[in-house]
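Chain A is the first sequence line, chain B the second, and so forth, proteins listed ahead of strands; every chain is numbered from 1.
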Protein chains: 2
Amino acid sequence: MSDDTLTISDRIQAQLDDLTRAERQLAHSILENYPASGLGPLSALAKDAQVSVPTVARMVQKLGFSGYPEFQLELREELKAKVKNPIAKHDTWAERAPSEHLLNRLTDAVIDNIRHTLGQIDPKDFDAACDLAADTSRHLYIVGGRVTHTLAEYLFLHMQVIRPKITHIQSTSNAWPHYLLDVKEGDIFIVFDMRRYENNTLKLAEMAHAKGAKLILFTDQWRSPVHHLADISFSSRIVIPSAWDSAVTPLLLLETMVSTVQNLTWGDTKDRMEALEDMFDQTKLFRKFT
Amino acid sequence: MSDDTLTISDRIQAQLDDLTRAERQLAHSILENYPASGLGPLSALAKDAQVSVPTVARMVQKLGFSGYPEFQLELREELKAKVKNPIAKHDTWAERAPSEHLLNRLTDAVIDNIRHTLGQIDPKDFDAACDLAADTSRHLYIVGGRVTHTLAEYLFLHMQVIRPKITHIQSTSNAWPHYLLDVKEGDIFIVFDMRRYENNTLKLAEMAHAKGAKLILFTDQWRSPVHHLADISFSSRIVIPSAWDSAVTPLLLLETMVSTVQNLTWGDTKDRMEALEDMFDQTKLFRKFT
DNA sequence: ACAAAGGTGTTACATATTTTTCAATATTTT
DNA sequence: AAAATATTGAAAAATATGTAACACCTTTGT
């Protein structure tokens with residue numbers, strides 16, 4: 001590296017606030033696949049970032065270079081140094097932290113969990129579950145427990161936009177028996193139950209099962225007792241080097257399910273989403289996204 | 001990437017015997033600090049290898065490229081691909097599903113998001129944020145928006161066990177101004193704001209800031225406007241091939257923070273956790289974990 | 001609502017870079 | 001050893017690239 005140990009990536013990030021809209025857009029494009037994109041011709045970079053050519057020229061000057069060639073020169077120097085440096089065997093995620101840092105250790109564990117979990121999932125099951133969740137002729141109930149209700153609600157919030165006839169039940173609430181009154185045969189329950197498994201959730205699942213509802217279960221690798229009642233279950237690995245379990249893998253499955261269901265019901269969803277957009281615009285809850 | 005998986009470096013070494021004296025000299029110069037030297041101007045490379053300019057042009061054509069620019073283009077593509085694969089290359093995640101299956105595509109994107117995000121995080125910032133969150137002399141407020149309140153609550157549920165003096169505020173609720181009455185200088189706000197950024201969250205952050213509270217922000221790569229007020233911010237990449245954004249990366253950061261804070265306050269947490277266990281056992285809410 | 005300032009993009013120009021041409025030198029073959 | 005062939009480098013031509021000046025648009029403050 002050159003005189004100072006600051007990489008160009010660092011400098012861009014540090015200055016990110018002093019940059020204008022187009023320049024920020026460009027900055028993200030440079031960081032997107034760093035440093036490769038900065039090593040091409042200026043015009044290619046500009047096109048890639050969808051900004052004009054002079055914007056690129058101006059920004060590199062703002063970063064303290066006399067011009068684009070000098071900017072590229074330093075990028076190449078950086079690259080040389082990185083390749084040469086034996087430490088730069090970046091098998092570490094947070095590159096600036098030692099590999100023993102929790103950021104790296106937990107990320108390792110989480111990736112490992114994802115790999116294990118996905119490796120054991122049968123895509124047929126997954127697709128079948130998504131088909132069920134996309135079926136608007138059935139009412140969809142989403143059930144979570146003490147901790148897992150956050151996952152349940154995350155799923156609920158998205159599904160709410162995608163389809164009608166949907167209810168979020170918290171198994172720890174006293175009110176859940178009331179919800180079961182209306183359950184009809186063929187309705188769907190998406191149940192979350194991770195250790196420590198909750199009695200309420202099990203009872204709720206039993207009653208739903210008795211009423212002829214289909215059960216889709218998200219659980220952990222040891223499987224909640226609800227598993228015996230479930231039509232389809234997904235078990236995620238959730239252990240990380242922490243006193244707590246990780247919800248990352250189940251969340252990934254959820255997001256994939258949301259995306260899949262969305263694709264299955266695109267015709268209807270589109271209208272629903274546009275309607276929602278309008279409502280948000282009217283309530284001025286949100287800032288315009290620029 | 002090109003059709004064949006051969007890198008330029010491989011191709012050069014394979015052809016090394018068919019090259020002439022000057023070309024071999026040049027080849028070694030390219031391989032010397034690969035790929036940086038090949039990414040500069042042709043003339044610089046020629047001078048560096050002490051060969052003439054046309055020699056470079058000729059050899060590049062011998063390698064099968066139409067010209068020097070095309071050669072550089074492929075070098076950059078190679079670099080992009082290399083940077084992208086720190087772990088687990090082409091093995092698909094859900095092995096039983098084709099690589100185009102959403103399970104695999106979304107997982108790829110999520111892993112990529114994690115890598116990008118972690119790579120840009122300064123561990124000093126992260127540790128500083130954890131230190132703040134572990135400081136029980138300050139009250140800790142956790143603030144989420146319409147969707148992000150699920151993340152906020154996830155954090156809250158865990159922190160609640162780890163430390164006292166903690167409050168979860170939903171910025172979309174009408175009640176939030178009341179919470180601010182009790183805020184004292186030095187109190188901590190952990191704020192979640194992802195696109196679309198919410199006006200309420202911004203206002204809440206402004207008021208908290210005005211009261212002298214410390215702000216820790218979890219946002220996306222484009223950064224919520226709250227960023228300007230925040231003492232520490234973490235920007236996660238959240239884009240996935242879906243109509244929705246991914247919360248996986250921020251969740252990973254959260255879990256790491258929980259674990260870190262837990263370690264920092266272990267002496268106290270231990271007692272709190274045991275007390276909690278007792279309470280759970282008494283209420284019989286949970287099944288024994290076997 | 002208007003004016004001023006700052007930001008952005010289009011065009012044109014100067015410069016740098018690559019390619020081609022051609023002559024000189026080295027290498028191989030007979 | 002001489003001729004033929006292949007290799008190399010210098011210089012010129014062609015192309016691509018970066019920079020500067022100008023004009024339009026958007027935003028900000030009065």
Worksheet item: Is there a donor-acceptor contact under 3.5 Å from the side chain of B:Lys211 to the main chain of B:Leu181?
Response: yes
Item to complete: First locate atom CG of B:Leu19, then atom OG1 of B:Thr55, and finally report the distance between them rounded to the nearest 0.5 Å.
Response: 11.5 Å
Worksheet item: Is any side-chain nitrogen or oxygen of A:Ser43 closer than 4.0 Å to OP1 or OP2 of D:dA16?
Response: no
Worksheet item: Between B:Tyr154 and A:Glu153, is a side chain to side chain donor-acceptor pair (under 3.5 Å) present by the stated rule, with each step listed?
Response: CA-CA 11 Å; B:Tyr154 187 83; A:Glu153 183 153 14; over 6 Å; no
Worksheet entry | Expected output: side-chain A:His158 to main-chain A:Ser259 donor-acceptor under 3.5 Å | no
Item to complete: Figure out the CD/C1' separation between A:Glu70 and D:dT19, and round it to whole Å.
Response: 15 Å
Discussion item. Regarding A:Val56, tell me which of base, sugar-phosphate or nothing describes its non-hydrogen contacts under 4.0 Å with the strands shown.
Written reply: nothing
Fill in: Closest to side chain of B:Thr55, choosing from D:dT8, C:dT8, D:dT19
D:dT8
Item to complete: Mind calculating the distance between OH (B:Tyr68) and C1' (C:dA16) to the nearest angstrom?
Response: 14 Å
Discussion item. Measure CG/A:Asp18 against C1'/C:dG6 and give the value in whole Å, please.
Written reply: 15 Å
Discussion item. Strictly distance-based, threshold 3.5 Å: is any side-chain N or O of A:Asn104 a donor or acceptor partner for the main-chain N or O of A:Pro98?
Written reply: yes
Practice prompt. Rounded off to whole Å, could you give me the CD-to-C1' distance for the B:Gln25 and D:dG9 pair?
Written response: 13 Å
Worksheet item: In terms of side-chain heavy atoms of B:Ala22, which of C:dT8, D:dT17, D:dG9 is nearest?
Response: D:dG9
Fill in: Spacing between B:Arg21 atom CZ and C:dT28 atom P, to the nearest angstrom
12 Å
Discussion item. Does the structure show a Watson-Crick or G-U wobble partner for C:dT30, both distances under 3.5 Å? Name it, or say none.
Written reply: D:dA1
Worksheet, complete the sentence: Against the side chain of B:Thr20, the closest entry in D:dT7, C:dT19, D:dG9 is D:dT7
Worksheet, complete the sentence: Ranking D:dT8, C:dG7, D:dT19 by distance to the side chain of B:Ser52, first place goes to D:dT8
Response to the item:
Separation of D:dA21 atom C1' from A:Arg58 atom CZ, nearest Å, is 11 Å
Worksheet item: Can you check the B:Gln72 CD to C:dA16 C1' distance for me, whole Å?
Response: 13 Å
Worksheet item: Considering only C:dT19, D:dT19, C:dG9, which nucleotide approaches the side chain of A:Ala57 most closely?
Response: D:dT19
Fill in: Residue whose nearest DNA chain C nucleotide is more 5′ - B:Gly67 or A:Pro54
A:Pro54
Worksheet item: Whole Å only: how far is the CZ atom of B:Phe71 from the P atom of D:dA16?
Response: 19 Å
